[in-house]
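Report on the structure given below.
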Amino acid sequence: MEGGSGHTSVPPSSSFDKSRVLDVKPLRSLVPLMPTSTQAPPFVCSPPFGPFPPGFTPFYPFCNLQGSQSSAEPHKQANPTRATNQDGGFPFSHPTQTPVGPIPAPIRSFRAPQPATAVPPHFSGASNGDTGSSIDTSREVGTPLPTQSVNAGGSVGLAMKEDGFIKSQKRAAPHLRGSNSSQKKMKKSQDVTFSLSVDGGKGSVGNSLMGVNSVHRDDGNREVVDYVLISFDALRRRLSQLEDSKESPAGIIRRADLKAGNISMSKGFRTNMRKRIGVVPGVEIGDIFFFRMEMCLVGLHSQSMAGIDYMNVRGDLEEEPVALSIVSSGGYDDDAEDSDVLIYSGQGGTKKDKQVADQKLERGNLALERSLRRANEVRVIRGMKDAVNPAAKVYVYDGLYTIKESWMEKGKSGCNIFKYKLVRLPGQPVAFAAWKSIQKWKEGFTSRVGLILPDLTSGAESVPVSLVNDVDDEKGPAYFTYFPTLKYSKSFKLTQPSFGCNCHNACLPGDLNCSCIQKNGGDFPYTANRILVSRKPLIHECGPTCPCFPNCKNRVSQTGLKVHLEVFRTKDRGWGLRSWDPIRAGTFICEYAGEVIDKVKQGGDEGENDEYIFDTTRVYDNSLKWNYEPGLLDEERYADSDEDFKVPSPLIISAKNVGNVARFMNHSCSPNVFWQPVLYEHNNESFLHIAFYAIKHIPPMTEFTYDYGIAQSEKFEAQSSDTLNRKKKCLCGSSKCRGYFG
DNA sequence: GATACTTCAATGCG
DNA sequence: CCGCATTGAAGTAT
């Protein structure tokens, strides 16, 4: 994480050539006018076509745009990275049948492709008998973890892929269990029903073909940690969704986080179970968490509530406890003002948040005391209120500290409290310190180093977007017109009008009379905090024809930016996009704004034409598995499980002349953002929009990236030198980097 | 290995 | 927007 200090920065404003800066400013922006009706959400520009609700005045902000645009000087400054395309790992390799046009009302209108066709033949055979029906419970119970097999390399595995864990795997027939020979090629979990009930109890650990292998359960790595966290959150979102709609299978789920954590724990979706001092493999300084359970699952801090985690080790004479990690999040009166020093309070003596008794030198307190003498490293997690969602907390892993002093003092209530002074080991990447800087930028106490413009949208978005360069002399991206949404400037096909829902005020999860919810297969696509639950071929949001208010929870992607973003200069990839705020997995980030075009021009100006193009017909990696694993719940509905789908109708967007922040998002072969087609209206798929959501939690100041995919033509063409020239060398740096993109 | 105990949660309500 | 009560699960200790 870059902290904003210690980096090369642009000269102070005094030495700045302001005229040049102003020159940049022409990032002209258009603020869309608001329809007069309250029925339309803010910042949504309806295409100039009906139907419109009564009182809705179509607005054409782009009438004279052509002129102004052409005057825009095309001094395009190639952004090497910002190349074309997009997408986030979506799968469209198989032609998928997706219903088009008028959507029949049945719940689950967009079904995933039929499993039968997708399952490799040899596998269909293996799973024979499991397909489409529940596995009988008798097989479940008492089925131990698959026999561990030691392969040539000596690694121990449970029927899994070479990379050590299974993304999602179809359950093998019983006679194949324990053998990994026939399972290598399996890609997706299909329609196998795992008859595990949510509260089936800790006994039913039966199916462990999913999850994390036994080696990684003890010692993880980055990939496994990501996998565990993504799986957990997918499950948590689904439980939350069920809870919101009051249709939770096992009664009320008050705490989706605990329930999801419990299921993950009992099914082996966890890693780094072996307790350890110091570094936890796969967990990096700066990583963020939104639930205590997440830190348990990855072995960073294994106490679900307690602030001090410790383990017994052999001491000089006998076993003694040593502290492993602590969470400082305001539960006690800590001093967390300094970002390198933490005065941490001991535990105990409290009742309902109040100090009612002297603390004793036992448990965590004793461990901290021993760790002071032993001078061992202690992991520190800092928790604080989430600015975006003040009811919730965010936790940041702030790296290793050592305990320098301890003492006892009288607390405000007069009781004795232990205090421990922890000092951060030098040389670690900044984490909490960066949060403090950001807080100061927001409060206006200090200004962002390298800030070129406080808001490059000139007010077109409801939150400012900073333009920053603290690495070189570039004063800004090439001229373009900022516009917050999609422009359908040409014709589009309206097959037939359809009508919005009849919900007044807001659509409510679980209301199956709401036609918008029906179109989403009966599920409300978002949780109460505007988090996307699952990827789907299409998300149906309420549109202008719906009478519900703009704050209806089914209008997430159309209500604009919510987090404070910045467009920043990268070291070697042109401009990029990142956030000042921490982002939860499933958070809507932005849509891909621009002008809808017919096709990408080939040849000619080359290069120029495919800069800033988003094209759904490109070929995308289909390996992203983001949705919850249905086998973990006792569900009969599986619409969300398959993520191998195709965009209902092709959409090509050019953001070269007109666009929003999305045009700055760079490519990565290991992205943290995916794209998802969203339909705002009930008319026609030509009204598609492309929305970006976070794949995983993204710490502040971490660049957003998605997978640009590969131009379709190149998939079939011979790799002529011409073709290769059009590709761009990928600088994402991921271990899974394909080497090029575009 | 059952069970009690402790604990810097997370939510929802008023 | 807050304080409060309620519900909770992992790990540790017994």
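Note that these values count all heavy atoms, side chains included, but never hydrogens, waters or copies made by symmetry. Every chain is numbered from 1 and lettered A, B, ... according to where its sequence line falls, protein lines coming before strand lines.
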In residues 325-341 of chain A, which ones come under 4.0 Å of DNA chain C, going by heavy atoms?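 None, since no heavy atom is under 4.0 Å.
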For DNA chain C, determine which residues of residues 299-306 of chain A have any heavy atom closer than 4.0 angstrom to one of its atoms, and list them numerically.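 Here the set is A:Ser302, A:Gln303, A:Ser304, A:Met305.
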Nucleic acid contacts of residues 369-393 of chain A, taken as heavy-atom distances under 4.0 Å to DNA chain B: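 Listed by number, they are A:Lys393.
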Contacting residues from residues 412-425 of chain A, given that a heavy atom lies under 4.0 angstrom of DNA chain B: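 Heavy-atom cutoff 4.0 Å gives no residues at all.
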Is there any salt bridge (charged side-chain N to carboxylate O under 4.0 Å, His left out) pair reaching into residues 303-327 of chain A, and which pairs are they, with sequence neighbours excluded?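 Matches after skipping sequence neighbours: A:Lys275-A:Asp309, A:Glu320-A:Arg370, A:Glu320-A:Arg373, A:Glu320-A:Arg374.
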Minimum-distance nucleotide (side-chain atoms of A:Phe291 versus B:dA10, C:dG8, C:dA10):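 Of the candidates, B:dA10 comes closest.
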Among C:dT7, B:dG12, C:dA9, the one nearest A:Glu243 by side-chain distance: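 Taking heavy atoms from C-beta onward, the closest nucleotide is B:dG12.
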Going by ring-ring contact (aromatic ring centres under 6.0 Å, His included), name the residues that satisfy it together with [X], two or more places apart in sequence or in a different chain.
| X | result |
| --- | --- |
| A:Tyr332 | none |
| A:Tyr693 | A:Phe588, A:Phe674 |
| A:His697 | A:Phe290 |

Residues forming a salt bridge (Lys or Arg N to Asp or Glu O under 4.0 Å) with A:Lys352, sequence neighbours excluded: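 Result, salt bridge (Lys or Arg N to Asp or Glu O under 4.0 Å) vs A:Lys352: none returned.
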Check side-chain hydrogen bond (donor to acceptor under 3.5 Å, both in side chains) between A:Ser264 and all other residues, then give those that pass, not counting sequence neighbours.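 With sequence neighbours excluded, A:Ser264 shows a side-chain hydrogen bond (donor to acceptor under 3.5 Å, both in side chains) to no residue whatsoever.
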Those residues that, when tested against A:Pro281, pass side chain to side chain contact (heavy atoms under 4.5 Å, CB included) (two or more places apart):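 Once residues adjacent in sequence are excluded, the partners of A:Pro281 under the side chain to side chain contact (heavy atoms under 4.5 Å, CB included) criterion are A:Asn272, A:Arg276.
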Any side-chain N or O of A:Tyr310 less than 4.0 Å from the OP1 or OP2 oxygen of B:dT7?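 For A:Tyr310, the contact criterion (side-chain N or O under 4.0 Å from OP1 or OP2 of B:dT7) is not met.
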Is a side-chain N or O of A:Thr271 found less than 3.5 angstrom from the main chain of A:Val225, in a donor-acceptor match?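 Answer holds: no.
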In dot-bracket, 5' to 3', how would DNA chain C read with Watson-Crick or G-U wobble pairs under 3.5 Å, [ ] for crossing ones and | for pairs to another strand? .||||||.||||||
